[in-house]
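Along the sequence shown, residues carry numbers from 1. These numbers were taken from a predicted model, which means no experiment stands behind them.
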Amino acid sequence: MRTTTLPIGMKNGSAFLERLGADVPQNQFIRELYKNAEDAGATKVDFDIDRFNYIGEQLYKLSIIDNGPGMDGDELIELINKFASGTNEMSLTGNFGIGAKISTFPNNPHGTIYLSRKDDINYQIHFEKDSVGTWGLRQFERPDGTYGYFTTVEDSVMPKLIMESGHGTAVVLLGKDREDNTLLPPKGVKGGKTNWIIKELNSRFFKIPSAMRLRVNQFTKLDKNAESSQWISIRGNGWFLDKFSKHRGTLEHPLGKIHYYVIKKNQQNQKRTGVYVTSGHTGIIYQNEIYDMRFKARGTRMLQNFGLNFSSKRVVIYIEPNESLGAVPNSGRTELVVNGNPFPWDDFADWFRENMPDEIGN
């Protein structure tokens, strides 16, 4: 009997995938798939509906599309089905590629499709959990009667961005079953049905590089008409703070920089509230990403720790550690740790209280 699923290329790979996936936040895949595209050299990344599924079967599936160099079938198999494979640096500070796999695959047992165009040929693979519980690549029957773990597809299947660029890759999330609408936020993820991806990207990244065009197609009526949408450009929460702060500055702490902002009063009631974090909060900047962002009650408590008892609603503090502190991301890239211990917020807070800038002092 021919095996129809190519299992993950490691011992007990299916159990390993599900165990690691259980420890990752439900929205982490947004960060991981964007970073993979950026690291591959893409200059354009779109979060959009998969047009092929929508036009053909009226199914709502999220697609993350980039104009990177693309991959052929063998490269897709090597990259996706082997946890240790990837083009990223495997180190404490490098953006290792396992994050996209453990944050994406477990929430999409119906399948994660990769479409990639390279050298004028369109390739497709389909990673899924099969009927006996094995995670791996689906086998395709090709037009010539042979079988393999990738296939080629017509130009009509490929997203517009890839065809216009002549190369690129799209990741299509099929969710838990055929009807699962993967444009909607996963269970427990906040931000609203139409804003959650926008707010996740803006609150995770400090500033999007000027050479990158990152967009989200915002759908206002997901249950009625997928054509009712508008493209929203992602700039990062640092862009908002630079543009709409009354005061801002940086203090030089021995272990890093302390960036502070005082948001203008009239910005908290604007529509930007739905796509940026516009109230007082704290965070850590590491390699242009924001870690451990704390807002609302948690943010207020942290800002009070910095000595901001009465102005916390409009003050933002970001810590940017220097190399001497030795802060690195954990394996899931969800938080920064120092020698395996939590980030030393108190050290920065104590110092900040003693060196409070005049423009934000109470």
Side-chain angles (χ1 to χ4, degrees), residues 1-29 32-33 36 49-64 71-86 97-116 122-154 157-158 169-189:
M1 179 181 296
R2 185 180 64 250
T3 301
T4 57
T5 299
L6 178 64
I8 297 172
M10 65 178 299
K11 186 177 181 180
N12 299 319
S14 293
F16 183 69
L17 173 64
E18 293 184 352
R19 180 65 189 88
L20 288 181
D23 293 335
V24 176
Q26 294 287 294
N27 53 359
Q28 179 73 8
F29 72 92
E32 300 296 341
L33 292 175
N36 276 9
I49 191 171
D50 179 56
R51 300 288 169 178
F52 185 77
N53 271 289
Y54 176 69
I55 294 172
E57 301 187 62
Q58 292 291 293
L59 298 175
Y60 295 82
K61 305 297 182 182
L62 177 62
S63 181
I64 298 87
M71 293 171 279
D72 63 28
D74 290 327
E75 289 171 325
L76 284 169
I77 292 174
E78 177 70 17
L79 179 67
I80 302 306
N81 216 54
K82 294 184 179 180
F83 272 1
S85 296
I98 189 173
K101 301 172 186 179
I102 65 174
S103 63
T104 302
F105 296 160
N107 293 318
N108 293 274
H110 194 56
T112 302
I113 292 176
Y114 280 72
L115 299 166
S116 200
N122 305 318
Y123 299 92
Q124 175 183 317
I125 64 171
H126 186 139
F127 189 95
E128 65 181 354
K129 185 177 184 178
D130 67 16
S131 59
V132 297
T134 299
W135 287 92
L137 290 174
R138 174 185 291 188
Q139 191 175 70
F140 294 96
E141 182 177 5
R142 295 168 175 161
D144 62 1
T146 62
Y147 290 84
Y149 294 103
F150 72 83
T151 189
T152 57
V153 297
E154 299 294 329
V157 177
M158 304 300 290
T169 300
V171 183
V172 183
L173 310 183
L174 301 184
K176 294 177 173 54
D177 53 47
R178 181 181 180 276
E179 304 298 327
D180 193 7
N181 183 348
T182 57
L183 293 173
L184 295 174
K187 186 177 180 180
V189 173

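Applying the side chain to side chain contact (heavy atoms under 4.5 Å, CB included) rule to Tyr114 yields the partners Leu33, Leu76, Ile80, Phe105, Thr112, Ile125, Thr169, Val171; only residues at least two apart in sequence or on another chain are considered. A search for ring-ring contact (aromatic ring centres under 6.0 Å, His included) contacts involving Tyr123 returns Phe150, not counting sequence neighbours. For the salt bridge (Lys or Arg N to Asp or Glu O under 4.0 Å) test, no residue two or more places apart in sequence or in another chain qualifies with Glu179. With sequence neighbours excluded, no residue forms a ring-ring contact (aromatic ring centres under 6.0 Å, His included) with Phe29. Listed by chain and number, the residues in a salt bridge (Lys or Arg N to Asp or Glu O under 4.0 Å) with Asp130 amount to none (sequence neighbours excluded). The side chain to side chain contact (heavy atoms under 4.5 Å, CB included) search around His110 returns Leu174, Arg178, not counting sequence neighbours.
The minimum heavy-atom distance between Pro7 and Thr134, with the atom names listed, is CB-CG2, 4.0 Å. Between Gly111 and His126 the shortest heavy-atom distance is CA-NE2, 3.5 Å. The two residues Ala100 and Asn36 have their closest heavy-atom pair at CB-ND2, 3.2 Å.
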- prompt: After noting the C-alpha distance and the side-chain angles of Trp135 and Phe127, does the key distance pass the side-chain contact (heavy atoms from CB on, under 4.5 Å) rule?
  reply: CA-CA 7 Å; Trp135 287 92; Phe127 189 95; 3.5 Å; yes

- request: Please test Leu137 against Thr5 for side-chain contact (heavy atoms from CB on, under 4.5 Å), starting from the C-alpha separation and ending with a verdict.
  value: CA-CA 5 Å; Leu137 290 174; Thr5 299; 6.0 Å; no

Verdict with supporting geometry, Gln26 and Asn107, side-chain contact (heavy atoms from CB on, under 4.5 Å): CA-CA 8 Å; Gln26 294 287 294; Asn107 293 318; 3.5 Å; yes

- request: Show your working on side-chain contact (heavy atoms from CB on, under 4.5 Å) between Leu115 and Met158 and close with a plain yes or no.
  value: CA-CA 7 Å; Leu115 299 166; Met158 304 300 290; 4.0 Å; yes

message: One pair to check against side-chain hydrogen bond (donor to acceptor under 3.5 Å, both in side chains): Thr182 and Asp180. What are the steps and the verdict?
response: CA-CA 6 Å; Thr182 57; Asp180 193 7; over 6 Å; no

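The CG atom of Asp50 sits 13.0 Å away from atom OH of Tyr60, with the distance rounded to the nearest 0.5 Å. To the nearest 0.5 angstrom, Leu17 atom CG is 10.0 Å from Thr104 atom OG1. Rounding to the nearest 0.5 Å gives a distance of 10.0 Å between CG of Leu173 and CD1 of Ile113. Distance check: Glu32 CD to Asn27 CG gives 11.0 Å after rounding to the nearest 0.5 Å. The distance from the OG atom of Ser14 to the NZ atom of Lys129 is 8.0 Å, given to the nearest 0.5 Å. Here the CZ atom belonging to Arg138 is positioned 11.5 Å from the OG1 atom belonging to Thr151, to the nearest 0.5 angstrom.
Side-chain atoms of Thr146 never come within 3.5 Å of backbone atoms of Arg142 as a donor-acceptor pair (strictly under, hydrogens ignored). The main-chain N or O of Asp72 is found under 3.5 Å from a side-chain atom of Glu75 such that the two form a donor-acceptor pair. Within the 3.5 Å criterion, the main-chain N or O of Leu79 finds a donor-acceptor partner in the side chain of Lys101. Between the Gln58 side chain and the Tyr54 main chain, a donor and an acceptor come within less than 3.5 Å of each other.
Remark: Glu141 CD is packed, more than 12 non-hydrogen atoms of other residues, nucleotides or ligands lying under 6.0 Å away.
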